[in-house]
4 protein chains.
Amino acid sequence: MARNGDGSKRERILDAAVVEIARRGYHSTTVAMIAKRAGVADGTIYLYFKNKEQLLFSLFDRAMGRFISEGKASLEQAASAREKLIRIVELHLTLVGQDRDLAIITQVELRHSLHFMDQLSRTLVGEYLGILAQVVIQGQQEGDFRSDLDPVFAAKSIFGVLDEMATDWILSHRNTRLESKSASVVEFLFGGLGC
Amino acid sequence: MARNGDGSKRERILDAAVVEIARRGYHSTTVAMIAKRAGVADGTIYLYFKNKEQLLFSLFDRAMGRFISEGKASLEQAASAREKLIRIVELHLTLVGQDRDLAIITQVELRHSLHFMDQLSRTLVGEYLGILAQVVIQGQQEGDFRSDLDPVFAAKSIFGVLDEMATDWILSHRNTRLESKSASVVEFLFGGLGC
Amino acid sequence: MARNGDGSKRERILDAAVVEIARRGYHSTTVAMIAKRAGVADGTIYLYFKNKEQLLFSLFDRAMGRFISEGKASLEQAASAREKLIRIVELHLTLVGQDRDLAIITQVELRHSLHFMDQLSRTLVGEYLGILAQVVIQGQQEGDFRSDLDPVFAAKSIFGVLDEMATDWILSHRNTRLESKSASVVEFLFGGLGC
Amino acid sequence: MARNGDGSKRERILDAAVVEIARRGYHSTTVAMIAKRAGVADGTIYLYFKNKEQLLFSLFDRAMGRFISEGKASLEQAASAREKLIRIVELHLTLVGQDRDLAIITQVELRHSLHFMDQLSRTLVGEYLGILAQVVIQGQQEGDFRSDLDPVFAAKSIFGVLDEMATDWILSHRNTRLESKSASVVEFLFGGLGC
DNA sequence: TATGAATGAGAATTCATTCAT
DNA sequence: CATGAATGAATTCTCATTCAT
């Protein structure tokens, strides 16, 4: 079978899955629907993915892979923790805000079940939180961040704010740009509510 | 009809649903399982709930109802916005941390699908965010909170931090008390990361 | 419970059943729907009828009872077989055409199953065919009807034509009067197709 | 895909459905029963038919298709309307009388509900009546049939007699041949009851 | 008689997954 | 590698009927 253009068959299946699952939800999307959109036979899916659940995990892997690699690249160009945090916020919101379908997957569909979330948090999200915590530590060492905050706790708080913005963007069906929130988020994260 | 023990049949069904769904997830829980645990016939479920999905919604309604009523009561005893925020944080973490099964439902199972989340955010969560925004506005008027923050944005940020703590607590299977995070959360929300 | 006006509770149930079953068909009509329309509790139905099927039979009995008693009265006023046949045709089409809901029951719903039709044909319909056959015999004795026709066969043929007219009237949703076909039917039954 | 014995899988399912439904009635026949008799999995039924109701319709289509094609072939060999009518009567009774199971379907099970009968009368039965009416018109033009009869009315009357014979044959559980009635039917249709 | 809450058997249909080609 | 017809387990929901009050 000839390669078609930019994507291998595996990629086409993943692309199709993002669209279908974003549109109808994981449970309402059948393997047959994904196969049809990808232009392959139902059975072919099983040559590339062990089962439907693994396909969903792969979706996340692919997305998170891009996320982290771009994140690392971006962080390297920043020196101070403060700058790094700014970049992370911007990157997070930009990447999530780039593809609504994918965002629906990561913000909603991927959180189907405890079992599922366990997997996620133990792997990629855990790594992401680790990076955030490192930045916090650096900020504290640089004297720029308060040192009375537990870095891991702070990382989770940061993630919580970013994640809520992302989910809120998905649920508000307005046509806003998610990354437009970056400045406010940074502002809030640094300064908090108080005067 | 005689009361069955402590609760009505409807309550028993809801209680059973919380346990079963928390344990195995919404999709893996069959109506028959819930009926069995509730000690009623399968069909009886449908006398009280239109279908399985409505049962899930009712679960949320009941939980959120308690949440909001207790929240309002708690807020009335607080005068300043600062105090109110402290109470909200404590209440949120205490209530969620009170019942792990129920928390699994609210933090994970209830977020199954876009359709589902839409419902939630449009109704009860929306109301909750409104209350938070009111507190922020009050704080700004009292001169205690920064006035350069959009209250609605701030409300979402607060919610994001609380929600992340709750989810994190569910996913960390350690036996910690969720409300033990209250002080740190308040600290972070007021002061932010910066020095 | 006070009698209400013209009908006993049993009659009210039968009346309600005719309307509901005509509208949605026997299988799609629930006992609860009939009870609701009749203004009684579900369980009350079972004080008057053994089960749902018997209710349907009772519907037919009531209708056929009227049919036959009016038929006998009408026939007594007619002397010749020819006149009797005319009266039967008119009566059949008039009675069926009088109540569309009831007609739907007798022409469609009552023919649900072999089992059901067996019951009907062995009882009331059989009696009706017997009356028709008697008229044919009388006509043959009077020298007015061909004597080479088997009376029972002739009776079935007559019934076939009447029944088809009735069914056709039900299915054509136009607002015609069924009894307007009487003259044509009589004409056809007597003279046949040939010149 | 290899042919399974004499018929395609779809045909086997239809054959199985005829037997099961004739025996126990449409509503008492489960899809599982049909699948079992056809030697396929339950789900396979749904590869060929949208649902149970469509399966029933398909049964009728197949039967009626044969009916009409054989009817047309038979009619072509007949010149006069009188001969055509004779052939139609013979064919109708022969075809229905050929397969008792199928006859039960067409005479009883297919008439389940108004909804169902509507479908039938609007399609195939309507076409059949049209053919009959054409024959009547031809007979009138040939001067062989009375011209004071409305052809459509006459067609319905003919159908009524044939249909009643068929139903009667089903209900009489004796082992007679339905086509043995042909001569009497023709005799009656041409000459009527009168001398 | 009358009620209507409760029962629980029963059935259609879906769909992830397999495997012969 | 690819196909897609076939599988059959699995589950929601309905509703006739009962029976304690």
Side-chain angles (χ1 to χ4, degrees), chain A residues 1-2 8-10 13 26-36 38-55, chain B residues 1-2 4 8-10 13 27-36 38-55, chain C residues 1-2 8-10 13 26-36 38-55, chain D residues 1-2 4 8-10 13 27-36 38-55:
Chain A
M1 170 125 308
S8 70
K9 201 159 276 193
R10 187 188 141 94
I13 293 169
Y26 175 72
H27 274 101
S28 300
T29 300
T30 67
V31 172
M33 288 171 188
I34 297 171
K36 192 175 179 187
V40 302
D42 297 12
T44 304
I45 303 265
Y46 291 86
L47 297 176
Y48 293 93
F49 306 94
K50 194 188 160 209
N51 54 33
K52 193 184 169 190
E53 195 179 52
Q54 281 308 313
L55 174 53
Chain B
M1 172 115 314
N4 310 63
S8 73
K9 203 155 278 193
R10 188 186 140 93
I13 293 168
H27 275 102
S28 301
T29 300
T30 67
V31 171
M33 289 169 186
I34 297 172
K36 192 173 180 188
V40 300
D42 294 14
T44 303
I45 304 267
Y46 292 87
L47 294 177
Y48 295 93
F49 306 95
K50 196 186 158 214
N51 52 37
K52 194 185 167 189
E53 193 180 55
Q54 281 307 313
L55 173 53
Chain C
M1 169 126 310
S8 71
K9 200 159 276 194
R10 186 188 142 95
I13 293 169
Y26 175 72
H27 274 101
S28 300
T29 300
T30 68
V31 171
M33 288 170 187
I34 297 172
K36 192 174 181 190
V40 300
D42 295 12
T44 305
I45 303 266
Y46 290 87
L47 297 176
Y48 294 93
F49 305 95
K50 194 189 158 208
N51 55 34
K52 193 185 170 191
E53 195 180 51
Q54 281 307 313
L55 174 54
Chain D
M1 173 117 313
N4 308 65
S8 74
K9 204 156 274 195
R10 188 188 141 93
I13 293 169
H27 275 102
S28 301
T29 299
T30 68
V31 171
M33 289 171 188
I34 296 171
K36 192 172 182 190
V40 300
D42 295 15
T44 305
I45 303 268
Y46 293 86
L47 295 178
Y48 295 94
F49 305 95
K50 194 187 160 211
N51 54 33
K52 194 184 168 191
E53 195 181 53
Q54 281 306 315
L55 174 53

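It should be emphasised that the depicted structure is a prediction, and the values quoted were computed from it without experimental measurement.
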- request: Keeping the roles fixed (side chain from C:Lys52, backbone from C:Thr30), state whether a donor-acceptor pair exists under 3.5 Å.
  value: no
query: Looking only at side-chain N and O atoms, does A:Lys9 come under 4.0 Å of OP1 or OP2 in F:dA2?
result: yes
message: Just to verify, what does A:Ser28 make a side-chain contact (heavy atoms from CB on, under 4.5 Å) with, not counting sequence neighbours?
response: A:Arg24
query: Of the nucleotides F:dG8, E:dT1, F:dT3, which has the atom closest to the A:Val40 side chain?
result: F:dT3
- line: Annotated structure of DNA chain E as dot-bracket, pair cut-off 3.5 Å, Watson-Crick or G-U only, | for inter-strand, is .||||||||||||||||||||
query: B:Ile34 CD1 to E:dG8 C1': how many Å, rounded?
result: 17 Å
- request: Could you run through nucleotides 12-19 of chain F and give me one letter per nucleotide, 5' to 3': B if any protein heavy atom sits under 4.0 Å from the base, S if only the sugar-phosphate is that close, - if neither?
  value: SBBSSBB-
- line: Atom CD1 of C:Ile13 and atom P of E:dT1 are separated, to the nearest Å, by 12 Å
Rounded distance (Å) that lies between atom P of E:dA5 and atom CD1 of B:Ile45: 16 Å
query: Heavy atoms under 4.0 Å, any strand shown: does D:Phe49 hit a base, just sugar-phosphate, or nothing?
result: nothing
- line: note: D:Leu47, atom CG; E:dT14, atom P; distance rounded to Å ~ 11 Å
Would you tabulate the side-chain donor-acceptor contacts of residues 44-51 of chain B under 3.5 Å, counting partners in other chains and residues two or more places apart, or write 'none'?
residue, atom, partner, partner atom, Å
B:Thr44, OG1, B:Ala41, O, 3.4
B:Asn51, OD1, B:Glu53, N, 3.2
B:Asn51, OD1, B:Gln54, N, 2.9

